[in-house]
Amino acid sequence: MESEKIAFITGGSRGIGRACALELAKAGYNIVINYAGNTDAANKTVEDIKALGVSAHAYKFDVSNKEEVEKNIAQIIEKHSRIDVLVNNAGITRDDLFIRMDEDKWNSVINTNLNSAFYVTKPVVKLMMKQRFGAIVNMASIVGVYGNPGQANYCTAKAGLIGFTKSLAKELGARNIRVNAVAPGFIATDMTKDLKNTEEYLKLIPLKRMGTPEDIAQAVKFLAVDSTYITGQVLEVDGGLVI
Ligand code: NAP
C-alpha cells in the first residue's frame, strides 16, 4: 500500500479535511496534514491514517500567517520531496450581519479562508511545476456561489477561491497541473454543530439529510485522483440544496 505519492491537506485534522486525508490515504497516498491548534485531534487523525498502511505527518501552523506558512512548507518539501495533491481546506466562520460586521471578523475570515490559499499554493505550485504534475482542490462553498445573509466575509472569501481556482486552472494547465474546487452545502462538522434552524435547512435539501465529511471527501478524491481531464471546475456537493 505504501506509495511514493504525497497529498497535503490544510486543516486536515478534523471535519472535512480529516475525511479527505483518510480518503486519499485509502487511495494509497502518503499524507501530510496541517492544523491550527488542536493537537489531540491531529494526533488521532495521524494514527487513523497510519492504520491504513501509509505514512502520515501533522504540521501545526496558522495558514493565515505568511511567514509560518513559508517556513513550514519549506520543511514539508524538504522532508517529503514532492506534493502530488494539495487540498486547500482550512477554514473558519465568524458570522454577523454586514451592518454589524467589524474589521476583525472580516479580516480574520478573509485571511484564513482566502489569503491562506495564496500563501500555501505559491510554494506548492513551484514544486508541482518542477514535477510537471499536480492536482489542487480548493474547498469553496455553495454560499461562495449563491451568497448567504450573515456571511458576507465568508461568502466573499469562498467566491474569491472560485476565481482563484479558475485562473490557476488556465495558467497551470500547460504544466499538467489541474485546479478544481468543491463547493459543499450543509455538512455535519464542528463548524455547523451550533447552527440554529437546522430543521429549516433540511426541508430545503432534496436528499433530506446534512452531508457528511465523507460525502465531500469522495468528491475531492474524484477531482484530485480519479479525474484526468477536469480542470477549473466547481463541483457542488450539497444534496441538491441548490438546483
Ligand atoms: P472544522 O470541522 O471546523 O475543521 C476546520 C479545520 O481547519 C481544522 O482542522 C482546524 O484545525 C483547521 N484550521 C482552522 N483555522 C486554521 C488556521 N488558521 N490554520 C490552520 N488550520 C486551521 O471545519 P469543516 O466544517 O471541516 O470545514 C472545512 C472546510 O470546508 C472549510 O474551508 C469550510 O469553510 C468548508 N466548508 C464547510 C462546510 C460545512 O457545512 N461544514 C460547508 C461548506 C464549506 P484545528 O483542529 O487545529 O482547529
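Atoms within a ligand are numbered from 1 in the order they appear, just like the ligands themselves. These numbers were taken from a predicted model, which means no experiment stands behind them.
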- [ ] Could you establish whether N113 and ligand 1 come within less than 4.0 Å of each other, counting only heavy atoms on the residue side?
- [x] no

Task: Spatial distance of atom CG (N138) from atom CG (L114) [nearest 0.5 Å] - done: 9.5 Å

Task: Proximity of K158 to ligand 1 by residue part, where a heavy atom lies under 4.0 Å - done: side chain

Task: Numbering as shown, the atoms of ligand 1 that approach G11 to under 4.0 Å (heavy-atom distance) - done: 6 (C), 7 (O), 9 (O), 12 (C)

- [ ] Could you list which atoms of ligand 1 come closer than 4.0 Å to a heavy atom of N38?
- [x] 45 (P), 46 (O), 47 (O)

Open item on the list: Under 4.0 Å from a heavy atom of G185: which atoms of ligand 1 are those, numbered in the order shown and with their elements?
Closed with: 40 (O), 42 (C), 43 (C)

Open item on the list: Using a 4.0 Å heavy-atom cut-off, which part of I187 comes near ligand 1: side chain, backbone, both, or neither?
Closed with: both

TODO: Please determine if A36 has a nitrogen or oxygen closer than 3.5 Å to a nitrogen or oxygen of ligand 1.
DONE: yes

- [ ] Please work out which of A90, G15, G91 has its closest non-hydrogen atom nearest to atom 5 (C) of ligand 1.
- [x] G91

Task: Any N or O of T192 closer than 3.5 Å to N or O of ligand 1 - done: no

Open item on the list: For atom 36 (N) of ligand 1, tell me which residue out of F186, Y154, F61 has the closest non-hydrogen atom.
Closed with: Y154

Open item on the list: I need the contact type for I216 against ligand 1. Using non-hydrogen atoms and a strict under-4.0 Å cut-off, is it side chain, backbone, both or neither?
Closed with: neither

TODO: Have a look at ligand 1 and work out which part of D62, if any, has a heavy atom under 4.0 Å from it: side chain, backbone, both or neither.
DONE: both

Open item on the list: Measuring from atom 44 (C) of ligand 1, which candidate in G37, A140, C20, P213 has the nearest non-hydrogen atom?
Closed with: A140

Task: Element-labelled atoms of ligand 1 that are located less than 4.0 Å from some non-hydrogen atom of I92 - done: 14 (C), 15 (N)

Task: Within reach of ligand 1, part of S13 (heavy-atom separation under 4.0 Å) - done: both

Task: Verify same cluster id: V109, W106 (apolar side-chain graph, 4.5 Å) - done: no

Task: Other residues, nucleotides, ligands: >12 heavy atoms within 6.0 Å of K208 NZ - done: yes

TODO: Could you label the plane-to-plane angle of the Y201 and F186 rings as parallel, tilted or perpendicular, counting under 30° as parallel and over 60° as perpendicular?
DONE: tilted

Open item on the list: Residue-level breakdown please: for T112 versus ligand 1, do any non-hydrogen atoms fall below 4.0 Å on the side chain, on the backbone, on both, or on neither?
Closed with: side chain

Task: Any N/O pair S141/ligand 1 closer than 3.5 Å - done: no

